Asker: 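Structure below; questions to follow.
All figures in this text were calculated on a predicted structure; none of them were measured in a lab. In each ligand, atom 1 is the first atom listed, and ligand 1 is the first ligand listed.
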Amino acid sequence: MRWLKGNKTTPLILLTAGIILVLLSIRTFYTIGYTTTNVDMSPVSNNDPVKACFVVLVRNSELDGIASTIKQIEKTFNGKFDYPYVFLNDDDFTPEFIETTSALTKSQTKYGKLDHQMWGYPDHINQTYAAECRDEMTKLNIPYADSESYRHMCRFQSGFFFRHPLLDEYDYYWRIEPYVDYYCDVDYDVFKEFIATVPTLWDTVMDFRTENPDVANRWPNKQNSLVKFVTDNNGASYNGCHFWTNFEIASLDLWRSNDYLKLFSYLDQKGGFFYERWGDAPVHSIAASLMLRKDEFHFFNDIGYRHTAYTHCPTEPEFRDKCSCDPEVNMVSYSIDFNDPMTCYPEFLRALR
Ligand SMILES: *[C@@H]1O[C@H](CO)[C@@H](O)[C@H](O)[C@H]1NC(C)=O
């Protein structure tokens, strides 16, 4: 996804070394064609309709990319299930964008524009200081250091998309992204530079926990939460592990809950979305790891997915005939090797124990 000024093409979540994971289990939304284990769900019969949608933040200039994504989603999933698409943009969608995308699916398509509250500077942000922070981060060669729109995007995905009126009628969402070709080698230490974007995020969340015992008391205890996925030293610091939010299927209720909104508003007040470059992936991951019980997560090992250089292509024989990706051919980019510490898979397994 391209959110930089000018025509430099840059993938949205280049920095994510986390694993593809899905927050909360989601009833019948995905049951056919995917073998998954649902846990902790209120009993629903498979015939009950689920109020779910695809949601995508996309620009008019990304029409080709999103068209490619929609074709694949329709072919592999939605042609059978007919879930609606919600397209969101910080600008008005062009007639061409609307015509092209709506022609690619027989499902309903909806188009919305973000207002200033969702995509703009809140009053408490000192924009002069924010510009100075961007300059400092640029000197350190941190990816997207100089981008304002990237920061608006991360803040929007952390705190607002689920409050957009077009999503009001839905309980679940599957976030999708325009197709992005990987445009250059990863020639820096992705993991380290990722941490440089969120130096105070963890401490800020810990401060929130201390200052809001009423909220923190509702969080599961260490044994039952996934906290060990995001910290290696018993909470002293953040280890950088996070879930890819650009492939995320989750309950909107999680983000709409008072507890999460209180946390988001606390983070927003601290200014880190603009003075640092807090991403929605670490924000969602830390919040979910602290707020949810382990059994409320589901890792979709069976969904093949590619975003920029990171590919997840299942190798297990039982999934192979459902996937068009080829684990061998995918070496061109590269398939995630779950033994690679960069994947955070070991942390995930440790946290699940
Ligand atoms: C905003 O930041 C600039 C630069 O750091 C500083 O000089 C100025 O005093 C700040 N303004 C306010 C109102 O805090």
Side-chain angles (χ1 to χ4, degrees), residues 1-8 10 12-16 57 59 88-91 113-164 188-216 230 236-240 242 245 255 258-287:
M1 193 167 218
R2 293 149 201 178
W3 289 107
L4 291 186
K5 283 176 289 187
N7 53 11
K8 197 172 157 204
T10 314
L12 171 63
I13 304 287
L14 182 61
L15 314 174
T16 51
L57 178 66
R59 289 188 161 152
L88 301 174
N89 188 349
D90 63 312
D91 199 357
K113 188 178 172 178
L114 312 183
D115 61 21
H116 181 74
Q117 190 218 356
M118 297 188 172
W119 193 278
Y121 285 100
D123 291 342
H124 68 268
I125 293 295
N126 179 337
Q127 294 190 36
T128 314
Y129 179 55
E132 290 172 2
C133 294
R134 287 198 301 278
D135 289 346
E136 285 305 310
M137 289 176 83
T138 305
K139 285 184 202 146
L140 301 172
N141 289 320
I142 293 168
Y144 308 104
D146 61 348
S147 173
E148 291 182 83
S149 59
Y150 194 94
R151 287 177 171 78
H152 288 302
M153 184 274 292
C154 291
R155 178 173 174 267
F156 171 75
Q157 298 286 20
S158 296
F160 295 100
F161 82 92
F162 48 88
R163 292 190 260 187
H164 193 282
Y188 51 86
D189 181 338
V190 173
F191 210 68
K192 265 192 205 146
E193 295 192 359
F194 166 72
I195 286 291
T197 64
V198 291
T200 66
L201 174 60
W202 181 261
D203 288 345
T204 311
V205 173
M206 292 300 110
D207 291 347
F208 170 82
R209 189 170 70 173
T210 311
E211 290 169 35
N212 295 272
D214 54 319
V215 175
V230 287
S237 64
Y238 178 40
N239 62 10
H242 55 288
T245 49
W255 311 126
N258 280 333
D259 287 2
Y260 179 75
L261 290 177
K262 233 171 153 173
L263 172 63
F264 172 74
S265 138
Y266 186 90
L267 297 178
D268 200 24
Q269 278 299 321
K270 296 290 174 183
F273 287 108
F274 297 104
Y275 303 147
E276 294 179 6
R277 212 216 66 207
W278 293 350
D280 49 302
V283 170
H284 282 192
S285 303
I286 293 175

Asker: Can you list the atoms of ligand 1 that are under 4.0 Å from a heavy atom of E132?
Answerer: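 Near E132, the atoms of ligand 1 are 4 (C), 5 (O).
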
Asker: Quick check: T128 and ligand 1, any N/O pair under 3.5 Å apart?
Answerer: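 There is no such contact.
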
Asker: Please confirm whether K262 makes a cation-pi placement over Y266, using NZ or CZ under 6.0 Å from the six-membered ring centre and within 45° of the ring normal.
Answerer: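 No, K262 and Y266 do not form such a contact.
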
Asker: Can you tell me how far the CD atom of E136 sits from the CD atom of E276, to the nearest 0.5 Å?
Answerer: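 If we round to the nearest 0.5 Å, E136:CD and E276:CD are 12.5 Å apart.
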
Asker: Among all protein heavy atoms in this structure, tell me which lies nearest to atom 8 (C) of ligand 1, with the distance rounded to 0.1 Å.
Answerer: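 For atom 8 (C) of ligand 1, the nearest protein heavy atom is N126 ND2, 3.8 Å.
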
Asker: Hey, would you say the F273 and H152 ring centroids sit under 6.0 Å apart?
Answerer: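 F273 vs H152: aromatic centres not under 6.0 Å.
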
Asker: Around atom CG of N258, are there more than 12 heavy atoms from other residues, nucleotides or ligands closer than 6.0 Å?
Answerer: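 No, CG of N258 has 12 or fewer neighbouring heavy atoms, counting only those of other groups under 6.0 Å.
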
Asker: Hey, is atom 5 (O) of ligand 1 under 4.0 Å from any protein heavy atom?
Answerer: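 At least one protein heavy atom is under 4.0 Å away.
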
